[in-house]
Amino acid sequence: MAEISYRQAVRDAMREEMMRDPRVILMGESITGYGGSYAVTKGLIDEFGPKRVMETPIAEAGIVGFAVGAAMGGLIPVAELMTVNFALLALDQVVNSAAKFHYMFGGQWSVPMVVRTVSGFGQLGPTHSQSFEGWFASVPGLKVVMPATPADAKGLLLAAIRDPDPVIFIEHSLLYSTRGEVPGPALGDGEVPIGQAKVVREGSDVTLVGYSRMLLQALHAAEVLEREDGISCEVVDLRTLRPLDYPTVVNSVRRTHRLVLCGEDWRTGGFGASLLSEMQDRCFDDLDAPIQRVAMRDIPLPYSRELERLLIPSSEDIVTAVRRLS
Amino acid sequence: MRADGTGTSPAVPAGAPGGALMGGARTVLGLGREDRREHLRGLPSGLAIRLYSAMTHLRAFDERAVILQRQGVIGTYPTYFGEEAVQAASVLALEDRDWLFPTYRQTAVVTLRDCPSVVPLLLWRGHPGGWHDVMRYRVAPICIPVATNYPHAVGAAWGARLRHEGWVALAYGGDGSTSAGDFHEACNLAAVVQAPVIFLVTNNQWAISTPIVKQTRVPRLAEKAAAYGMPGVRVDSFDVFACYEVIQEAAERARRGGGPTLVEAVGYRLGPHGTADEPSVYRDPRADLLWAPMEPLGRTEAAVVEAGVAAPEQLLELRSRAFQELRDVGDRLGELPLPSVEELADSVHRDTPWPLRPERLYEPSWARLEQTPPWS
């Protein structure tokens with residue numbers, strides 16, 4: 001086992017898969033000289049050259065549309081969109097092209113491609129600090145992955161590149177410098193299957209469900225609640241939002257009888273809203289209390305660091321939500 | 001009285017032929033009689049007949065499709081009446097290994113690559129038998145959101161270049177599509193990476209009811225190519241021979257590594273936008289009459305006979321055979337079984353992940369159909 005950063009884990013997955021499979025190409029804005037908006041692709045241009053690490057114009061719809069065509073033509077493109085905010089410009093190509101071609105022509109033609117993009121905030125302003133995973137997760141034909149740890153970032157990206165369907169792979173800007181153990185070569189390449197959640201902390205009183213940065217917040221909240229309240233929290237990392245591993249979440253709730261859903265996106269129409277609806281359907285009789293949600297209030301994130309802090313969902317919000325249950 | 005009710009009709013209806021409209025458009029049929037005859041006689045043996053034959057087939061398909069829609073056998077259908085020349089030329093000017101990226105208005109081009117006519121007709125019936133074999137014919141599934149197929153063609157063409165496979169991609173579109181962002185992004189990207197791709201824009205002057213003057217201040221769409229750093233060529237969309245030449249030249253340039261070309265096939269939409277449209281509501285029917293002589297099938301016929309390349313009886317024979325074939329196909333269309341319920345969720349994903357996987361083996365529906373084609 002080696003300890004590396006989340007950023008390094010993402011880069012390693014692309015690098016290893018590019019070495020293994022000559023069909024894999026990277027494309028995106030400023031991904032060569034600049035190394036990508038979060039320096040994830042730094043150095044790959046030197047290793048693989050401009051044909052496989054392709055600098056593109058600033059044109060998100062063009063990038064994703066190009067990737068769809070390249071995937072149809074036999075390549076495996078990994079397209080980087082600087083942040084998920086800019087993915088809005090490519091939404092039609094993602095939803096109407098990438099997600100549909102397999103279905104509309106009866107499964108003849110799959111679109112094996114990955115759109116890598118980044119969620120997050122930190123005084124970036126209202127147009128650059130949004131979370132849209134719920135939108136993508138609502139689209140049949142897409143797979144949506146949001147890893148929280150370096151091991152999952154690497155393992156799930158390997159799986160995403162090898163997947164025959166289009167995968168939206170959402171990283172988190174505040175996780176890039178976090179570090180964690182990633183399996184070394186002795187343990188295989190560490191691929192993590194898409195569609196499997198993971199119980200990362202066992203507990204008996206309440207289930208906290210999170211993904212990406214909110215998974216770390218949930219783990220922190222669990223420690224606080226154990227120390228200060230004697231509450232035992234089970235923490236589930238969804239890892240994949242679509243297709244969602246409901247059995248793992250349901251089994252956990254059958255043990256704890258309480259559920260808190262933790263997300264960073266807006267409360268109205270956010271990913272947690274559909275998850276909540278599904279969970280009350282699947283485990284109403286197992287629940288001893290209403291399902292709680294931690295989510296962003298329905299306000300754009302302000303540019304002021306102080307005001308921003310008031311809005312961002314945190315471990316304190318999770319602690320508060322759990323205390324409401326007891 | 002104009003469609004907008006503002007008064008008497010102008011002397012020259014909007015969109016009428018003449019003036020600068022066809023300016024700079026390559027033509028063969030518009031040459032002087034001697035030059036035209038010489039040109040047609042100089043074509044490779046059999047080419048004129050093959051082009052004519054492809055056009056008659058496209059015409060027969062289109063007419064039959066409209067009838068089937070009126071009979072309720074198929075759904076809303078976007079007719080391409082008048083575009084037979086440019087469409088036939090686009091397929092015949094390319095090699096069979098080149099990829100086509102059609103829109104809703106080119107559903108029959110796949111039949112020029114030997115796909116049975118029943119297949120695209122079934123597509124408009126919403127029947128799985130309408131999913132042509134994409135890899136075999138190298139024709140992408142149609143794109144209905146306007147302009148989205150342009151970047152697909154660029155990406156596919158880039159892959160061909162990366163692997164030195166030597167094929168080119170051609171993406172179809174209309175005048176309205178040049179206003180969409182995807183057109184701009186695709187043209188720019190194609191030129192930057194020098195992708196072997198042809199953007200074939202048929203400028204028929206009408207995007208449903210939006211005339212070209214409300215679409216752009218650049219009436220010659222080919223001029224837009226200059227902004228991307230690629231050649232832009234105008235051609236008479238009703239002239240199958242000129243379209244053939246222009247598209248073949250663009251394909252050769254792309255194959256040699258010379259990058260993309262924007263081809264503007266200019267003309268007029270002789271028919272409605274589709275079966276749910278009635279153009280007389282928004283455009284002056286006199287313009288239709290002025291354009292009627294440009295109808296490509298009759299024009300080609302006259303030129304071919306004039307040049308002595310084929311006898312009228314031979315053309316008549318080709319024409320009646322095409323119409324008979326489509327009549328037969330149409331007659332059997334309504335008798336085919338409806339799609340089965342299993343088709344519904346079959347192919348949402350290629351690799352259905354375990355939380356979604358149904359309790360049965362994944363078997364693409366098209367594979368079942370290929371085993372027992374309903375039309376065999």
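Every chain is numbered from 1 and lettered A, B, ... according to where its sequence line falls, protein lines coming before strand lines.
Between B:Tyr172 and B:Phe101, the distance separating the two ring centers is not shorter than 6.0 angstrom.
Between the side chain of A:Arg52 and the backbone N or O of A:Met18 there is at least one donor-acceptor pair closer than 3.5 Å.
Contacts of A:Met27 with chain B are absent, with no heavy-atom separation under 4.5 Å from either backbone or side chain. When heavy atoms are compared at a cutoff of 4.5 Å, B:His184 does not approach chain A at all. Contacts between A:Glu55 and chain B at a heavy-atom distance below 4.5 Å are absent for every atom of the residue. For chain A, no part of B:Ile144 is nearby; none of its heavy atoms comes within less than 4.5 Å. Of the two parts of A:Ala67, neither the backbone nor the side chain holds a non-hydrogen atom closer than 4.5 Å to a non-hydrogen atom of chain B. With a threshold of 4.5 angstrom between heavy atoms, B:Arg161 does not approach chain A through any atom at all. Residue contact with chain B, scored on non-hydrogen atoms closer than 4.5 Å, involves the backbone of A:Leu142 exclusively.
For the ring-ring contact (aromatic ring centres under 6.0 Å, His included) test, residues two or more places apart in sequence or in another chain that qualify with A:Phe86 are A:His128.
In this structure, B:Ile247 CD1 and B:Glu252 CD are separated by 12.5 Å, a value rounded to the nearest 0.5 Å. In this structure, the separation between CD on A:Glu17 and CZ on A:Arg162 is 4.0 Å, given to the nearest 0.5 Å. Rounded to the nearest 0.5 Å, atoms OG (A:Ser212) and CD (A:Glu133) are 7.5 Å apart. We find the CD-CZ distance between B:Gln194 and B:Arg253 to be 10.0 Å, quoted to the nearest 0.5 Å. To the nearest 0.5 Å, atom OG1 of residue B:Thr261 and atom CG of residue B:Leu200 are 11.0 Å apart. Here the CD1 atom belonging to A:Ile76 is positioned 3.5 Å from the CZ atom belonging to A:Arg23, to the nearest 0.5 angstrom.
Ranking A:Pro112, A:Ala61, A:Gly69, A:Pro22 against chain B, the residue ahead of the rest is A:Gly69, based on heavy-atom pairs under 4.5 Å. Among the candidates B:Trp158, B:Trp167, B:Tyr150, the residue making the largest number of heavy-atom pairs closer than 4.5 Å to chain A is B:Trp158. For the options A:Ala71, A:Ala70, A:Pro77, heavy-atom pairs under 4.5 Å to chain B are most numerous at A:Ala70. When B:Ala140, B:Ala156, B:Pro141 are compared by the number of non-hydrogen pairs under 4.5 Å with chain A, B:Pro141 comes out ahead. Contact count versus chain B (heavy atoms, under 4.5 Å) is highest, among A:Pro140, A:Pro166, A:Ser110, for A:Ser110. Options B:Ala169, B:Pro151, B:Ala153, B:Gly181 differ in how many heavy-atom pairs under 4.5 Å they form with chain A, and the most are formed by B:Pro151.
Within residues 91-101 of chain A, the residues that have a heavy atom under 4.5 Å from a heavy atom of chain B are A:Asp92, A:Gln93, A:Asn96, A:Ser97, A:Phe101, listed by number.
Enclosure of atom CZ in A:Arg15 is not indicated, since only 12 or fewer non-hydrogen atoms of other residues, nucleotides or ligands lie within 6.0 angstrom.
Cation-pi contact between A:Arg282 and A:Tyr246: present, with separation from the ring centre below 6.0 Å and deviation from the ring axis of at most 45°.
No salt bridge links B:Arg97 with B:Glu165; every basic N to acidic carboxylate O contact stays at or beyond 4.0 Å.
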